[in-house]
Amino acid sequence: MATKTQAETVTKPNETMQIVIVGHVDHGKSTLLGRLYADTGALPDGKLEKVQAICRQQGKEFEYAFLFDAFLEEQEQGITIDTARTFFVWKGRQYIIIDAPGHKEFLKNMISGAARAEAALLVIDALEGVKEQSRKHGLLLSMLGIRQVAVVVNKMDLVGYRKDVFDGIEKEYREYLDQLKVRPEQVIPVSAKLGDNVAERGARMAWYAGPTVLEALEGFDKETVRAQQALRLPIQDVYKFDARRILAGRIASGRLKVGDRLVFSPSNKTATIKTIEAFNIEPPLAESQAGQSVGVTLDEQIFVERGEIASHEADLPCVSTAFRANVFWLGRRPLEQDTTYALRLGTREVDCQVAIIHRIVDAADLAHQQGGAFVGRNQVADVTIRTRSPIAFDLSSSFETTGRFVLVDGYDISGGGIITEMVHDEQEFLRDEARRRDFAWVKGEVSAEARAQHYGHRAAIVLLTGSAHAAKTFLARTLEVLLVAEGRHAYLLEGENLRRGLDADLAAPDKGDALEMVRRYGEVARLLADTGLIVVSTTNPFGLPHRVVVESIRTLAHPTPVLVVHMSNAPEEPPPHTDLNLVGPENFEESARLVVEELKRRGVLAQAIGAKPTFQYSI
Ligand code: GDP
């Protein structure tokens, strides 16, 4: 075998694949690896003989596991890493084997992105059968979202190579993995010690027709090369040079070229790439790909902000306010439900909360429990996260960078997570509508920026919420008057005025058409915002909870800023979506001024009227 493989290892590998090997201690991981290395010719000349000689000298039986240990020492010299890695080359592919005895470090590294296993080998002792530890390892792989798994049922020689023993283990373990949504591609009966079905088939298990371990490794698909994936460019910065805006960022996956139409999520803005600017590269690039840092200029001046993800329209990232994720927690304080943390994904930062803790796993011993109110240090949890505003993301199984996030507690990065599922929120229907409408939007010649420069403010929607008799309508009217008196372009959009016109075909809100009324109202507000107006309104007419109205209008008007002002007669806890809380105002002129100040603070209104406005374009 060794002579045959020698030639194969001489050629330089053209790809690498990272494999993690897990299994209960003593089930034969080291023996399997030692055997693999020996049989693929990965060992340096004479190594096998040397280790055999040492064994003879010391009077102990030769073990392939010793070979692996010696090999590990050799390859690892001078490298300090917390998970042992060794490698061998077979048929043009370099296999990097990650041995993860300390699950904690491995889990942490996998979730933080420091390590990445593309596939896994899971070893079970045929004599001992499926043990608690084997189950925990299945759970570990499922938490990490590793989808390519081969199960090695080792020590078949100790059970007389019996098919029924193997079949029993295969059935039991497949059923267990199935619950975890891990589907092993192969379950292979092996004797690592004697070499059956590792690199060669051997005659002792003629009943088995499947692949050997080496063939299973060959069969693992390489993850799609990042440049070949769909485009994801998280926007890091927007630089303004004279009239030009350069959007800068590092391409996380895919490629882009001059002339491509880009979609920015979650704002749904679209524009075409005019030039690609790269530092110190002449002549300018016509295209660029994953891993490169670029600046792009667009054919139109659209407001795009740090944190958005650029993609092509044919393959968009998910957008939602909720997703399911596996989080590794390292914080000094536990991760608690209903506490606000900052979530960083790509270049975006949003506030978030853990809505549900589904399952908690201790990283050190893989003990697990269903549910819980908090996640402690060094625990991994399967959770549902809700963000305060919609965020663009991907599933980590498809996209490495945009499927991963960190959680910040105060000033500390306290956890990392990988996204496993998109959770459909209530706004999905309206968000889809907004996406479709925005992509097909026919623009005039006057850009939003030109309008903003002309008016001295950008468009915005001010929504007043609060209980009945809180004088919301009165404040809305006062605000409109004040804004117009100051020379702004403001308009009181009274929901009542839609009722007998645009909504004439709908029944009264209490007959169940309230949501449709909100939808139409949101579309009208969005149109008015597109004209550059500041739209002022109350949530009175719909008879729905404020939250529903506010969220729907925010979704439809996105990314126009929607400032929510909550009013109450007596002190009360304002709803979570509130931007400005006014308690029992007596002087409405004064309250309207507070709203104007808030609009200035948020960069909606230019600080001064007349002179060239220098507002920031931040929401
Ligand atoms: P690890 O702790 O999972 O790395 O397990 P080792 O590879 O060190 O193996 C533990 C013990 O099981 C050693 O004494 C090996 O010789 C033995 N062993 C490993 N594979 C086999 C096998 O296929 N058949 C038999 N009979 N023993 C094996």
Side-chain angles (χ1 to χ4, degrees), residues 1-23 27-43 64 67-68 71 85-99 117-126 137-138 141 146-157 159 161-163 165-167 169-171 173-174 177 182-224:
M1 193 78 198
T3 39
K4 189 181 116 202
T5 56
Q6 216 68 50
E8 318 234 23
T9 54
V10 175
T11 50
K12 207 171 168 295
N14 44 30
E15 66 178 24
T16 59
M17 173 167 268
Q18 306 213 34
I19 313 263
V20 62
I21 179 160
V22 291
H27 279 201
K29 294 194 303 285
S30 315
T31 307
L32 179 68
L33 292 177
R35 180 55 91 164
L36 263 177
Y37 293 148
D39 288 1
T40 54
L43 298 175
Y64 275 91
L67 206 52
F68 172 69
F71 190 56
R85 284 161 208 251
T86 49
F87 49 86
F88 69 97
V89 178
W90 180 251
K91 292 196 178 168
R93 192 189 255 181
Q94 182 183 47
Y95 292 92
I96 300 170
I97 307 279
I98 308 168
D99 190 6
E118 297 163 71
L121 281 179
L122 201 151
V123 181
I124 297 181
D125 184 326
H137 286 134
L141 300 183
I146 298 179
R147 286 165 310 155
Q148 304 193 82
V149 179
V151 177
V152 174
V153 180
N154 189 32
K155 306 195 191 180
M156 285 300 292
D157 54 303
V159 295
Y161 297 105
R162 274 165 52 196
K163 183 174 183 303
V165 176
F166 171 77
D167 287 347
I169 293 174
E170 172 170 14
K171 183 167 178 291
Y173 204 50
R174 271 192 194 276
L177 290 181
V182 175
R183 290 204 174 75
E185 304 194 359
Q186 315 290 352
V187 182
I188 312 166
V190 160
S191 168
K193 186 172 180 160
L194 304 175
D196 301 279
N197 291 336
V198 179
E200 287 180 351
R201 204 154 287 279
R204 288 177 283 234
M205 284 179 279
W207 46 265
Y208 173 75
T212 60
V213 174
L214 198 52
E215 284 164 349
L217 292 179
E218 279 175 49
F220 285 143
D221 289 328
K222 186 70 202 149
E223 284 181 347
T224 320

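When reading the values below, keep in mind they use all heavy atoms of this one structure, side chains included, and skip hydrogens, waters and symmetry mates. Counting begins at 1 with the first residue of the sequence.
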Open item on the list: Just to verify, which of I98, L217, D99 counts as forming a side chain to side chain contact (heavy atoms under 4.5 Å, CB included) with I19?
Closed with: L217
TODO: Going by the side chain to side chain contact (heavy atoms under 4.5 Å, CB included) test, name the single residue among N197, L36, V198 that passes it with L214.
DONE: L36
Would you give the length of the straight line joining atom [atom1] of [X] to atom [atom2] of [Y], rounded to the nearest 0.5 angstrom?
X: I146; Y: E118; atom1: CD1; atom2: CD; result: 10.0 Å
X: I97; Y: M17; atom1: CD1; atom2: CE; result: 10.5 Å
X: F166; Y: M156; atom1: CZ; atom2: CE; result: 7.0 Å
X: L32; Y: S191; atom1: CG; atom2: OG; result: 10.0 Å
X: H137; Y: L177; atom1: NE2; atom2: CG; result: 12.5 Å

Answer yes or no: is there a donor N or O on one side and an acceptor on the other, between the side chain of [X] and the main chain of [Y], under 3.5 Å?
X: K29; Y: G23; value: yes
X: N154; Y: D125; value: no
X: Q18; Y: I96; value: no
X: Q94; Y: F87; value: no
X: R35; Y: Y64; value: no

Open item on the list: Are there over 12 heavy-atom neighbours, none belonging to K222, within less than 6.0 Å of that residue's NZ?
Closed with: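 Yes, because the 6.0 Å sphere around NZ of K222 holds more than 12 heavy atoms from other groups.
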Task: Y95: partners by ring-ring contact (aromatic ring centres under 6.0 Å, His included), with sequence neighbours left out - done: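 Counting only residues at least two positions away or on another chain, Y95 forms a ring-ring contact (aromatic ring centres under 6.0 Å, His included) with F88.
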Open item on the list: Between E185 and F220, does the side chain to side chain contact (heavy atoms under 4.5 Å, CB included) criterion hold? Intermediate values first, please.
Closed with: CA-CA 9 Å; E185 304 194 359; F220 285 143; 4.1 Å; yes
[X] versus [Y], closest heavy-atom pair with distance:
X: L122; Y: G138; result: CD1-N, 4.1 Å
X: V151; Y: P184; result: CG2-CB, 3.9 Å
X: G34; Y: L67; result: O-CD2, 4.1 Å
X: A216; Y: I188; result: CB-CD1, 3.7 Å

Task: W207 and Y161 aromatic centres sub-6.0 Å - done: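 Aromatic pair excluded; centres sit 6.0 Å or further apart.
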TODO: Would you mind checking if R201 and E215 are paired as a salt bridge, meaning a charged N to carboxylate O distance below 4.0 Å?
DONE: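 Salt bridge between E215 and R201, a charged N being under 4.0 Å from a carboxylate O: yes.
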TODO: Before giving the answer on side chain to side chain contact (heavy atoms under 4.5 Å, CB included), spell out for D157 and K155 the whole-Å C-alpha distance, their side-chain angles and the decisive distance to 0.1 Å.
DONE: CA-CA 5 Å; D157 54 303; K155 306 195 191 180; 4.3 Å; yes
Open item on the list: Determine whether L121 and V22 satisfy the following criterion, side chain to side chain contact (heavy atoms under 4.5 Å, CB included), listing intermediate values before the conclusion.
Closed with: CA-CA 6 Å; L121 281 179; V22 291; over 6 Å; no
Task: Within-4.5 Å side-chain heavy-atom neighbours: V187 and R174 - done: yes
Open item on the list: If you apply the rule side chain to side chain contact (heavy atoms under 4.5 Å, CB included), what do you find for I124 with V152, and how did you get there?
Closed with: CA-CA 6 Å; I124 297 181; V152 174; over 6 Å; no
